[in-house]
Amino acid sequence: MTEVVTKQELDEAFAMFYGMAASIKDEVSPAVEIPDEDRIAAFKQTFLKSIDNNIAVQLDACIHCGACAQACQFYIGTKDPKYTPIRKLDLLKRVYQRELSPMNWMLRWVTNDITIDDLNAQQELVYDSCTMCGRCNLVCPAGINIADMVALNRSAMAAAGMMPDELRFMQEGQAEDGTIFGADEDLFMFRIMDLQEKLGFEIPVNKLPAEVLVTTSGLDIHLFRDALGGTIETLHHMGVDFTLMTDGYETANFGLLSGHEATKKKMTRSIVDAALKCQARIVIVPECGHTFPAIRFGAAEAYGQPVPFETYTVSEYFGRAVMDGRLTLEKDKHKRVVALHDPCKVGRWGGVFDEPRAILEAIGWELHETESSKQYNFCCGGGAGNFLIERADKLKRAGYRVKMNEIEATGAESLVVSCGSCRMNFEVGKVKAGDSLPVDSLAAIIAAHLPKTAKEGAQT
Ligand code: SF4
Ligand code: SF4
């Protein structure tokens, strides 16, 4: 494996990226002035437009057992009852009871209409203290999908112009030019050229046609270049017919994270169009949790019909190649003891559990599972855009602590992750807490264990 980024380069990039993220608050323009009554109306209309029988039933189904509280890292980390998952849906429930419930003629007398103060308080509940990780959904005996309804809540908040400043800044930037943190085509190509020089082979860009479309994100272009380089190096090693595309590389989707539906569809559609243009059968999304559902579950909606390609995340794609013998990795002489973090959107939402474990087994590392893992894994605390929200720092640190305590208890020498947001939140959490456990990209680990022989089988 060619070292595409040294530890020192990573540390420097981390400091620079952290500075860029922290400066958003200074750069964001003031939110557009909207009368309070219009904000309230937009919130209600967005929710009422989306409600169906399924949602209505769920809003009435809670039996107040409290199980969801014990599933949420923000409640566990703070013990503050306001972070109980079901309470994050209180506002939706009030709108439902007053406007649509079969008993609304009576409930209107006992249920207050929502106010601008309610919406202001809602920001913290559905952005800062919920990463839409879905862990609470698993334990709810009434089958309430709290995470999905938080997503609906975010859409209603976005329609009311009440996103947190940092997510609004990112969403507005993507709505304008599709990029994040200035990772435009020039920077993308600069990075590709740099990787090309380090890897010693030509990296296909805008190759038509290609079997596989490889995508990335501004986070990897700026910071986690080892993950991008590792993905490209491994695909080249396998002899896969792949390409990157200059008009469809950015999978970060701040429309999805902020709740802004038009930007969500625009960003997903750009990847769909790039895949159609190069006639890809497979789209590989980078090590980034939310980009996976944005494409795998959102592509058909953005396109308006089924799409002619399958979507895999990096760990899934390479893990399957290891499992069916298309990719052989070299075993390490040192049987490293590691912990693995299953990213919520890739694991709990996407069912990708066996694949990263197959990779670790193939290289001979000893996996010590954390107390919660696979579908019950705790979130890192910074998902769903939360890692950028400055005022949520205390909550993020509380969530980080819950998960990091489990990781440290395994006695692992390092932590393996396959999501840039998780990695970022762990790195920031380590700095703030004075922790020191190394956190490594699975894609980079795979590339570091490629046999130094001829190419593997090229089937995709
Ligand atoms: S989805 Fe996750 S973060 Fe949100 S309330 Fe449920 S457990 Fe908490
Ligand atoms: S677990 Fe389900 S039923 Fe129990 S309090 Fe939470 S939302 Fe209500």
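Start at 1 and go down the list; that is how both ligands and their atoms are numbered.
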Under 4.0 Å to a heavy atom of [X] - the qualifying atoms of ligand 2, by number:
{"X": "His64", "value": "5 (S), 8 (Fe)"}
{"X": "Ile63", "value": "3 (S), 8 (Fe)"}
{"X": "Gly66", "value": "4 (Fe), 5 (S)"}
{"X": "Ile86", "value": "7 (S)"}

For atom CG of Asn53, is the number of surrounding heavy atoms from other residues, nucleotides or ligands below 6.0 Å larger than 12?
-> no

Does any non-hydrogen side-chain atom of [Y] lie less than 4.5 Å from one of [X]?
{"X": "Glu390", "Y": "Ile24", "answer": "no"}
{"X": "His449", "Y": "Ile359", "answer": "no"}
{"X": "Val283", "Y": "Thr251", "answer": "no"}

Enumerate the residue pairs fulfilling ring-ring contact (aromatic ring centres under 6.0 Å, His included) with a member in residues 23-80, sequence neighbours excluded, ordered by first and then second residue.
-> none

Looking at CD of Glu310 and CZ of Arg281, how far apart are the two atoms once the value is rounded to the nearest 0.5 Å?
-> 7.5 Å

So which protein heavy atom does atom 4 (Fe) of ligand 2 come closest to, and at what separation?
-> Cys65 SG, 2.3 Å

for atom 2 (Fe) of ligand 2, nearest protein heavy atom and its distance come out as Cys140 SG, 2.3 Å

Taking only protein atoms, how many N, O or S atoms are found under 2.8 Å from atom 8 (Fe) of ligand 1?
-> 1

Decide, yes or no, whether a salt bridge links [X] with [Y] under the criterion of side-chain N to carboxylate O below 4.0 Å.
{"X": "Asp90", "Y": "Lys93", "result": "no"}
{"X": "Asp435", "Y": "Arg401", "result": "yes"}
{"X": "Arg357", "Y": "Asp342", "result": "yes"}

Proximity winner for atom 1 (S) of ligand 1, if only heavy atoms of Gly399, Ala69, Gly134 are counted = Gly134

Relative to atom 8 (Fe) of ligand 2, which among Ala67, Pro141, Cys62 owns the nearest non-hydrogen atom?
-> Cys62

What is the ring orientation for Tyr317 with Tyr312, classed by angle as parallel under 30°, tilted 30 to 60°, or perpendicular over 60°?
-> perpendicular

